[in-house]
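Everything on this sheet refers to the single structure shown next.
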Amino acid sequence: MKSNYGNNRQIAAYIFSGSTTMVGVCITIIALFRVMKISLQTYADDMLSINSTIFIASAICAYAALRRENYRRMEWFADVLFFTGMIVMLLISFMIVYTTY
């Protein structure tokens, strides 16, 4: 079975737009914690700020993949960082749900 990964730059474009969106989500959740003054903010805020950094790094790698001729390695880094950020976001959401309810 032949893989389409790396045949075009479509994956990098999706990662770039998804990463920038997820940075906005992380910042919005941090702002909501600040407004609601939740005691969970010490752990969740720190984890969300780290997660937004992961998504920013993913967006930078995806942008670099879109700009380079030899883009497969940068696209792979962007993909790994984006997946890592999504896993961290899943862990943060479990932490928020189980500590607030």
Side-chain angles (χ1 to χ4, degrees):
M1 186 167 169
K2 191 173 182 181
S3 173
N4 285 336
Y5 188 84
N7 288 342
N8 57 19
R9 295 173 192 227
Q10 190 173 11
I11 294 170
Y14 288 138
I15 292 171
F16 181 73
S17 65
S19 293
T20 54
T21 302
M22 293 309 293
V23 169
V25 169
C26 290
I27 292 171
T28 301
I29 296 171
I30 291 170
L32 286 173
F33 280 150
R34 297 284 181 198
V35 169
M36 295 182 340
K37 296 182 176 33
I38 293 178
S39 62
L40 179 67
Q41 70 186 3
T42 56
Y43 296 117
D45 283 356
D46 294 341
M47 290 179 68
L48 284 167
S49 64
I50 291 168
N51 202 25
S52 64
T53 306
I54 292 171
F55 283 125
I56 289 171
S58 175
I60 290 170
C61 288
Y63 181 77
L66 290 170
R67 301 291 295 172
R68 299 176 94 191
E69 281 192 37
N70 188 8
Y71 62 92
R72 289 184 181 156
R73 175 171 259 187
M74 290 303 286
E75 189 177 60
W76 181 82
F77 281 129
D79 197 17
V80 168
L81 286 169
F82 185 77
F83 185 72
T84 302
M86 293 303 288
I87 295 296
V88 172
M89 184 66 86
L90 178 69
L91 297 173
I92 293 168
S93 64
F94 281 136
M95 183 181 76
I96 291 169
V97 167
Y98 286 119
T99 56
T100 56
Y101 292 112

Can you tell if the side chain of Y14 reaches within under 4.5 Å of the side chain of Q10, non-hydrogen atoms only?
-> yes

Under 4.5 Å between side-chain heavy atoms, hopping through other hydrophobics if needed: is there a path connecting I87 to V80?
-> no

I92 side chain near N51 side chain, heavy-atom distance below 4.5 Å = yes

Would you give the length of the straight line joining atom CD1 of I11 to atom CZ of F82, rounded to the nearest 0.5 angstrom?
-> 12.5 Å

If you look at every heavy atom in F33 and A44, which pair is closest and at what distance?
-> CE1-CB, 3.3 Å

In residues 52-66, what donor-acceptor pairs under 3.5 Å come from side-chain atoms, sequence neighbours left out?
from: S52; atom 1: OG; to: L48; atom 2: O; distance (Å): 3.4
from: S52; atom 1: OG; to: S49; atom 2: O; distance (Å): 2.8
from: T53; atom 1: OG1; to: S49; atom 2: O; distance (Å): 2.9
from: S58; atom 1: OG; to: S19; atom 2: OG; distance (Å): 2.9
from: S58; atom 1: OG; to: A78; atom 2: O; distance (Å): 3.0

Just grab all the side-chain hydrogen bond (donor to acceptor under 3.5 Å, both in side chains) pairs involving residues 85-95, residues at least two apart or on different chains.
-> none

Distance col, row T84:OG1 vs D79:CG, nearest 0.5 angstrom, shows 9.5 Å

Cluster check I96, L91: I/L/V/M/F/W/Y, side chain < 4.5 angstrom = no

Is M95 reachable from M89 through a run of I, L, V, M, F, W or Y residues, each pair having side-chain heavy atoms under 4.5 Å apart?
-> yes

Indicate every side-chain donor-acceptor pair of residues 21-32 with a distance under 3.5 Å to a residue at least two apart or in another chain.
from: T21; atom 1: OG1; to: S17; atom 2: O; distance (Å): 2.8
from: T28; atom 1: OG1; to: G24; atom 2: O; distance (Å): 2.7

